[in-house]
Amino acid sequence: MKNYYQKEIETAPYEEIVKIQNEKLKKQVRRVYDNVAYYRDLMDKKGVKPEDIQTIDDIKKLPFLTKDDLREAYPYGLLGTDLKNCVRIQSTSGTTGKRVVAFYTQHDIDLWEECCARAIVAAGGTNEDVVQVCYGYGLFTGGPGLNGGSHKVGCLTLPMSSGNTERQIQFMMDLNATILCCTPSYAAYIGESLAERGYKPEDNKLKAGIFGAEPWTEEMRRSIEKSLGIKAYDIYGLTETSGPGVAFECEEQNGMHINEDHFYAEIIDPNTGEVLPEGSRGELVFTSLDKEGFPLLRYRTKDICVLTRKKCSCGRTHIKMSKPMGRSDDMMIIRGVNVFPSQIETVLLKEGYSPNYQIVVDRARNNDTFDVYIELNPDQVSDVVSDIQARERSLEAAMRSMLGIGPKIHLVPPKSITRSEGKAVRVIDKRNLHD
Ligand code: ADP
Ligand code: ZN
């Protein structure tokens with residue numbers, strides 16, 4: 001039997017979803033126009049009034065919001081209700097600049113946790129599971145979101161937070177954790193640490209992992225699944241829309257269902273702002289249809305992906321987003337060529353290397369330098385210099401054919417690249433230091 005957390009809405013016919021979206025959007029635009037001066041100004045400037053928004057298709061008439069707007073309006077400028085109605089603040093990780101803060105009413109917390117509960121059930125979770133949450137707790141949304149979702153499902157929850165890998169392993173083994181929640185890079189590290197301590201994948205009781213908060217490739221998924229002996233599910237979200245659980249993977253493990261009764265998604269051309277048809281690659285834009293504290297309309301995420309509404313074998317009807325290949329601001333332009341870290345990860349894992357790597361971009365004599373440091377797996381270590389050099393040359397060629405430009409490859413000893421307990425730092429771009 002298939003399991004859902006909220007079957008009726010998760011499997012609702014498309015027409016039903018559109019009906020819900022129409023109603024919620026109308027109400028939300030009115031609320032935001034009346035309560036949020038910042039957004040009212042944007043609408044007035046564009047010449048749009050709340051009564052112009054009658055159906056979800058009218059959403060195209062609304063102005064976009066960007067992270068710059070959030071920074072400008074910091075801290076209270078986009079608050080959607082009286083502060084006394086809010087019960088929580090969370091904040092972004094600040095991956096790409098100054099942090100932004102988001103406000104939640106109890107209603108917002110409930111809907112967020114329900115979205116996370118849907119993700120846990122989709123990964124096979126029931127009230128018999130022991131869920132180990134090693135996303136960070138605190139201002140970061142990862143820990144609190146999955147923690148709340150796990151409670152809703154009735155799982156026994158281990159609120160570990162990130163770090164202290166020794167203790168993570170001890171609790172995982174002693175308390176028979178069955179579902180692991182953390183960033184994919186930390187999951188890979190836990191897998192590696194278990195192996196180092198002599199544990200085989202079948203020695204733990206884990207059956208599934210719910211991993212997100214940073215881009216990861218299919219190759220990384222397979223590598224984590226093998227090292228932990230689990231099925232690894234992707235989960236997506238951002239603080240601006242609530243946190244993890246905006247979208248989650250089902251048993252098909254092929255794209256994430258967006259909880260579109262709460263979040264309406266569009267794909268736009270990042271250069272022109274034009275809305276693109278289903279199936280096109282572009283920038284993901286979200287509208288919170290029923291959040292009260294921080295009700296963002298048409299928020300540009302900078303995440304690049306594709307939306308598709310194909311029938312899914314899991315029975316869920318909500319639209320799916322592909323794994324974001326990275327943010328538009330993760331993209332490096334090196335010697336004029338667009339490069340995403342995820343492309344490099346794909347090559348590495350395909351060629352049998354570890355997912356422990358770091359990209360360093362710099363400038364020397366007005367030319368970009370592009371170096372990739374990759375750890376050797378213990379079984380790849382060799383004393384023969386020419387062996388290592390041959391490996392480096394072959395990786396360089398594989399990278400060149402994927403990217404169109406060849407980085408300088410440096411194979412380094414096992415364990416020499418710092419492990420991340422939260423979001424991994426893959427790129428060090430030193431070019432701005434010279435400007
Ligand atoms: P910050 O923008 O400071 O990192 P958040 O902690 O809110 O703030 O992170 C949200 C961002 O994390 C998303 O916009 C996206 O770029 C990235 N992200 C979250 N989940 C995933 C995922 N499953 N795959 C790829 N990227 C993800
Ligand atoms: Zn599905």
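Being a predicted model, the structure only gives us computed values, none of them experimental. In each ligand, atom 1 is the first atom listed, and ligand 1 is the first ligand listed.
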*Check the pair Lys415, Glu196 against salt bridge (Lys or Arg N to Asp or Glu O under 4.0 Å), reporting the backbone distance first and the verdict last.*
CA-CA 11 Å; Lys415 309 240 63 160; Glu196 266 168 21; 2.9 Å; yes
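Near Asp234, meaning under 4.0 Å from any of its heavy atoms, are these atoms of ligand 1: 22 (C), 23 (N). Those atoms of ligand 1 that come under 4.0 Å of a heavy atom in Lys67, given as number and element, are 2 (O). Numbered from 1 in the order shown, with element, the atoms of ligand 1 that lie under 4.0 Å from a heavy atom of Ile235 read 20 (N), 22 (C), 23 (N). The contact set between ligand 1 and Asp303, taken as ligand atoms under 4.0 Å from a residue heavy atom, comprises 13 (C), 14 (O), 15 (C), 16 (O). Listed by number with element, the atoms of ligand 1 under 4.0 Å from a non-hydrogen atom of Gly212 are 23 (N).
Here the shortest heavy-atom distance to atom 5 (P) of ligand 1, taken over Glu214, Lys423, Glu249, belongs to Lys423. The residue from Cys305, Ala247, Ala213 that puts a heavy atom closest to atom 21 (C) of ligand 1 is Ala213.
For Arg118 and Tyr5, the positive end is not near the middle of the six-membered ring at less than 6.0 Å and at most 45° from its axis.
Between the SG atom of Cys312 and the SG atom of Cys314, the angle centred on the Zn ion (ligand 2) amounts to 110° when rounded to 10°. Here the angle at the Zn ion (ligand 2) defined by SG in Cys250 and NE2 in His257 stands at 110°, rounded to 10 degrees.
Contacts with ligand 1 closer than 4.0 Å are made by no heavy atom of Phe211, backbone or side chain.
Ser150 places no side-chain N or O within donor-acceptor distance of the main-chain N or O of Val131, the cut-off being under 3.5 Å. Without hydrogens or angle criteria, Thr317 side chain to Pro13 main chain gives no donor-acceptor distance under 3.5 Å.
More than 12 heavy atoms of other residues, nucleotides or ligands lie within 6.0 Å of NZ in Lys323, so this atom counts as buried by the packing criterion.
Side chains of Thr141 and Pro244 form a contact here, defined as non-hydrogen atoms less than 4.5 Å apart.
Ring planes of Tyr373 and His410: parallel class, angle under 30° (limits at 30 and 60°).
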